[in-house]
Amino acid sequence: MSSDHREEPLNFIEQIIKEDIESGKHDGRVHTRFPPEPNGYLHIGHAKAITLNFEIAQKFGGKTNLRFDDTNPTNEDTEYVDSIKRDIRWLGFEWEGEALYASDYFEQLYEFALRLIDKGLAYVDDSTPDEIAAMKGDIGVPGKESPYRNRTVAENRELFEQMRAGAFPDGAKVLRAKIDMAHENLLMRDPLLYRIKRDHHHRTGDKWCIYPMYDFAHGQSDSIENITHSLCSLEFIHHRPLYNWLIEKLEIFPSRQIEFARMNVAYFITSKRKLRRLVEEGYVNGWDDPRMPTLAAMRRRGYPPMAIRTFCNKAGITRRENLIDMNLLDFCVRDELNQTAPRVMAVLDPLKVVVTNYPEDKVEDMEVVNNPEDESMGTRTMPFSREVYIERKDFMEDPPKKFFRMAPGRNVRLKGAYILHCEKCIKDEATGEVKEVHCTYYPDSRSGSDTSGIKAKGTLHWVSIAHARSCEVRLYDRLFTDPTPDGHDGKEYLDFLNPNSLEVLEKAYIEPNVGAQIKAGNPLQFLRMGYFCVDPDTTDGHWVFNRTVTLRDTWKKINKQQKGKKKK
RNA sequence: AGACCCAUGGUGUAAUUGGCAACACAGCAGGUUUUGGUCCUGUCGUUCUAGGUUCGAGUCCUAGUGGGUCUACCA
C-alpha cells in the first residue's frame with residue numbers, strides 16, 4: 001500500500017522491545033497487560049495506557065491481558081469491572097482470553113509470602129501504623145529496625161498462618177519484607193506485604209481477611225501471567241527496585257517494568273477524587289456528562305474511539321512531563337468525523353426569512369449530498385418553501401467588511417437551493433430586535449441547474465419552517481477556564497470552573513428527512529455549525545443532540561481581528 | 001535535605017544512536033470551494049547554562065540551573 005520507505009520512528013519502549021526480540025529474550029515473545037483497579041471509571045489518561053499496551057503488543061505480534069488489580073476490597077466493585085470492559089472494547093481492543101483478576105492469585109500470593117518467610121526475607125510485625133511510620137525514618141534519615149524484625153522463621157510462619165486464619169483483629173499485625181531500614185529508597189525499608197482487613201471482596205467474598213499490598217501483588221501477577229513488558233507510569237519508578245527484588249528472591253518469571261510519563265491534557269483533570277467531587281456535588285450531570293474526561297463521557301459526547309486512539313498516538317511516549325494542547329484532540333476528532341459524519345442542516349438560533357416572490361403553497365424537494373468527502377454516502381432531499389429559518393448570526397443589518405452572509409441589498413445562496421436577494425429586515429419597534437428578513441429569490445439560480453450567472457459570496461444553511469423538526473441541542477465548552485486547574489497554589493480546581501461550559505438550546509430546528517440517522521451515538525455534521533451526535537436522552541418525540549466539537553471557524557477569527565483593530 | 005527521573009520551536013514528538021535539527025498540532029499569508037469546513041501552497045520559529053572529549057555534540061563526560069517524583073496497613 002504505502003510506497004514510502006521511511007520507517008516510522010519507534011518510541012523508547014518499542015526500541016527496548018525490538019532489542020529484546022532481536023536478542024531472543026523470552027524467545028521473542030511480547031506480552032503486555034492493562035491493570036486497572038476496579039474502583040472508578042476510565043478516563044483519557046487510561047486511554048493512553050490502554051492504547052499503548054494493546055497497540056504495542058499488536059505491533060510486535062504479542063498479546064495483552066486485562067487484569068483487574070483488585071487487592072483492596074474496600075472501594076472495589078463489580079460495577080466498575082463492567083464499565084471498564086465496555087470502555088476498552090469501545091476503543092476497539094480485545095484482551096487475551098478471559099479477563100483476569102489479581103484476586104484469582106490470592107492463594108498463590110500467599111504461597112509466595114511463605115516462601116519469603118522461609119528464606120528469612122519476611123517477618124510479621126506487631127507494630128502499630130504510627131510506630132511503623134515513625135521507624136521508617138525520613139528522606140535522608142535512615143529508619144530504625146522493628147523490635148519484631150528478628151523473629152524466627154518458625155515463629156513468622158506460625159503467626160502469618162494465624163493471620164490468615166483470622167486470629168488477630170484488623171491492623172494488629174502486618175507481614176513485611178526484610179530488606180534494609182537504611183535504604184535510600186523509602187520503599188525498600190522493609191515494605192509491607194500483607195495487612196489484615198476484614199472487608200467483603202467483590203469476588204472472593206469473605207474468604208480472606210488478609211490482603212496483599214500493591215507491591216506484593218502487581219509484580220507477582222505480572223510474573224504469574226508471564227508478562228514480558230510491564231508498562232506503567234513514572235510515579236512507579238521508585239517501586240522498580242522492589243519489583244525486581246521480589247522477583248529475584250521469589251525466583252519467578254522476570255517481568256520487566258518500564259515507566260513512561262502519563263499524558264496530561266490541557267483543561268482536563270484526571271484525579272479520581274476530584275472527578276468524583278464534580279459528580280457528587282452536582283457540578284456535572286454524572287460520570288458520563290459530555291464535559292467529563294471519562295471515556296463514558298467522551299463516548300456520549302460523540303468522540304469517535306479511533307480519534308482518541310490517534311490522539312494518544314500523536315501525543316507520543318516519553319519520560320518527560322507534558323501538557324498536550326486540546327487543539328490536538330479537536331483536530332483528531334474533526335479529522336475522523338469529517339470522513340464519517342453525514343451532513344445535515346440544523347438551525348440553532350433561528351431567524352425567519354420570507355421569500356416574498358416564492359409562491360405560498362409551493363414546495364420543492366432539493367437534492368443535497370450527504371458527505372462531500374464520501375460520494376458513496378449518497379444524497380437526500382430537503383423541502384424548500386416560502387418561509388425558512390436561517391441562523392440569526394448569518395444576518396447583519398449593517399455588516400462589517402468581509403462579511404459574506406445575508407445583509408440588505410446582498411445576495412447569498414441557500415445551500416442546495418436558490419440564491420436570495422435580501423430586501424429588508426423587520427424589527428421589533430420596542431426592542432430593536434430583528435424579527436424577520438424579507439428576500440426575493442432568483443428562480444433560475446436553483447442549485448445544480450443555475451443559469452442565472454449571479455454570484456453569491458456566501459452560502460448559508462437553512463430549514464423550511466413548515467417542514468423542520470424542533471429539537472434540543474446541547475452545546476459544550478471546556479469545563480475549566482484554566483489549562484491546569486489543579487496546578488495553582490492557593491486556588492483549587494473548582495475555582496476555575498467554566499460557568500458557560502453547557503448551553504442548552506431548547507428551540508433549535510433540524511431538516512426533516514433525517515429520521516434514519518436518529519439513533520443514540522450517531523454522529524452528524526450540522527453544516528457550518530460543527531459535529532454533533534444523537535444523545536441517549538433522545539426519544540421519538542424529542543430529539544436531543546450534543547455538540548461534539550465546532551468546525552474550524554475562520555470567520556470568527558477574522559471578526560475578532562477586525563474588532564481588535566477597531567479598538568486600537 | 002537525600003535519592004531517583006527529566007530538559008529540543010507556542011504545544012507534543014523525531015533525529016539513521018557522534019555527521020546539514022525534522023514531523024504533527026497551533027499561528028500567520030495565500031489558492032480552491034455551493035460548508036468562512038475539507039483540500040492545496042507558502043511562512044514563522046527550536047537543542048537550559050558553563051566547561052570538557054572529538055575533525056565534528058541535541059546526542060558522550062563534568063558541574064550548575066530549572067522542573068518532576070518519593071516518607072498511605074491505596075493502587
Side-chain angles (χ1 to χ4, degrees), chain A residues 6-11 15 35-37 39 69-72 74-76 102 125 127-129 132-133 136-141 143 170-176 183-187 189 192-197 210-211 213-215 217-218 232 234-241 259 261 263 266 272 314-332 334-335 338-339 343 345 368-369 372-373 402-405 412-417 419 445 447-448 450 456-461 483 525-531 550-559:
Chain A
R6 280 179 80 175
E7 269 179 48
E8 235 175 81
L10 301 178
N11 66 49
Q15 284 179 25
E37 185 188 11
N39 73 344
D69 229 335
D70 55 350
T71 58
N72 182 358
T74 306
N75 302 314
E76 294 161 2
D125 194 337
S127 307
T128 65
I132 288 175
K136 185 141 196 170
D138 209 334
I139 291 169
V141 181
D170 285 11
K173 287 178 168 45
V174 291
L175 183 74
R176 300 178 72 177
H183 200 107
E184 64 200 12
N185 182 340
L186 287 315
L187 275 160
R189 319 243 261 227
L192 274 56
L193 268 24
Y194 266 92
R195 76 280 213 187
I196 304 171
K197 191 170 196 171
I210 57 172
Y211 290 94
M213 304 288 291
Y214 167 84
D215 286 304
H218 191 95
C232 63
L234 240 33
E235 66 216 81
F236 291 99
I237 202 161
H238 303 286
H239 293 250
R240 179 154 33 98
E259 312 86 15
M263 177 175 69
K272 264 179 205 170
K314 281 185 185 291
I317 305 288
T318 61
R319 286 160 77 89
R320 299 176 211 155
E321 288 296 311
N322 59 76
L323 184 65
I324 316 286
D325 196 330
M326 262 213 350
N327 282 316
L328 186 62
L329 215 207
D330 287 352
F331 169 81
C332 294
R334 288 187 186 118
D335 199 42
N338 181 44
Q339 304 301 320
R343 274 59 168 170
M345 295 196 213
V368 280
V369 295
E373 303 296 316
K402 295 190 181 173
F403 184 81
F404 304 151
R405 308 175 185 185
V412 279
R413 170 167 300 276
L414 295 187
K415 172 86 176 172
I419 293 177
S445 68
S447 191
D450 185 349
K457 236 180 168 185
T459 302
L460 307 185
H461 62 280
Q525 184 194 107
F526 287 0
L527 218 69
R528 304 207 308 131
M529 300 307 288
Y531 293 101
T550 61
L551 254 28
R552 270 187 63 203
D553 193 346
T554 309
W555 165 242
K556 200 174 178 181
K557 234 182 287 181
I558 294 170
N559 201 13

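Below, read A as the first sequence line, B as the second, and so on, with proteins coming before strands; counting in each chain starts at 1. Because the structure is a prediction, the values reported are computed rather than measured.
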A.B. asks: Give His239(A) one of three labels, base, sugar-phosphate or nothing, depending on what nucleic acid heavy atoms sit under 4.0 Å from its own.
C.D. replies: base

A.B. asks: Quickly work out the Arg343(A) CZ to U38(B) P distance and round it to whole Å.
C.D. replies: 10 Å

A.B. asks: Taking any heavy-atom pair under 4.0 Å as a contact, classify Asn185(A): base, sugar-phosphate, or nothing.
C.D. replies: nothing

A.B. asks: Given that both distances must come in under 3.5 Å, which nucleotide forms a Watson-Crick or G-U wobble pair with U54(B)?
C.D. replies: none

A.B. asks: Just checking Gly448(A): base, sugar-phosphate only, or nothing, at a heavy-atom cut-off of under 4.0 Å?
C.D. replies: base

A.B. asks: Based on the glycosidic angle (syn within 90° of 0, else anti), state the conformation of U46(B).
C.D. replies: anti

A.B. asks: Have a look at Met213(A) and say if it touches a base, only the backbone sugar-phosphate, or nothing, with a 4.0 Å heavy-atom cut-off.
C.D. replies: sugar-phosphate

A.B. asks: Got a second to check how far Thr554(A)'s OG1 is from Asn559(A)'s CG, nearest 0.5 Å?
C.D. replies: 12.0 Å

A.B. asks: Whole angstroms only, please: what is the CG-P distance between Leu329(A) and A26(B)?
C.D. replies: 12 Å

A.B. asks: What does Leu414(A) touch in the nucleic acid at a heavy-atom separation under 4.0 angstrom: a base, only the sugar-phosphate, or nothing?
C.D. replies: nothing

A.B. asks: So which nucleotide from G37(B), U34(B), A24(B) ends up closest to the side chain of Lys314(A)?
C.D. replies: A24(B)

A.B. asks: When all nucleic acid strands are considered with a 4.0 Å heavy-atom cut-off, which category describes Gly458(A): base, sugar-phosphate, or nothing?
C.D. replies: nothing

A.B. asks: What does Phe403(A) touch in the nucleic acid at a heavy-atom separation under 4.0 angstrom: a base, only the sugar-phosphate, or nothing?
C.D. replies: base

A.B. asks: From G12(B), U35(B), C25(B), pick the nucleotide closest to the side chain of Leu328(A)?
C.D. replies: C25(B)

A.B. asks: Need one value for Arg319(A): base, sugar-phosphate or nothing, where a base atom within 4.0 Å counts as base even if backbone is also close, heavy atoms only.
C.D. replies: sugar-phosphate

A.B. asks: Please give the nucleotide sitting opposite U17(B) as a Watson-Crick or G-U wobble pair, both distances under 3.5 Å, or none.
C.D. replies: none

A.B. asks: Between Thr550(A) and Lys556(A), is any side-chain donor less than 3.5 angstrom from a side-chain acceptor?
C.D. replies: no

A.B. asks: Base, sugar-phosphate, or nothing: which does Phe236(A) touch, judged by heavy atoms less than 4.0 Å apart?
C.D. replies: base

A.B. asks: Any non-hydrogen side-chain atom of Ile419(A) less than 4.5 Å from a side-chain atom of Asp450(A)?
C.D. replies: yes

A.B. asks: Which is true for Thr550(A) with a 4.0 Å heavy-atom rule: it touches a base, it touches only sugar-phosphate, or it touches nothing?
C.D. replies: nothing

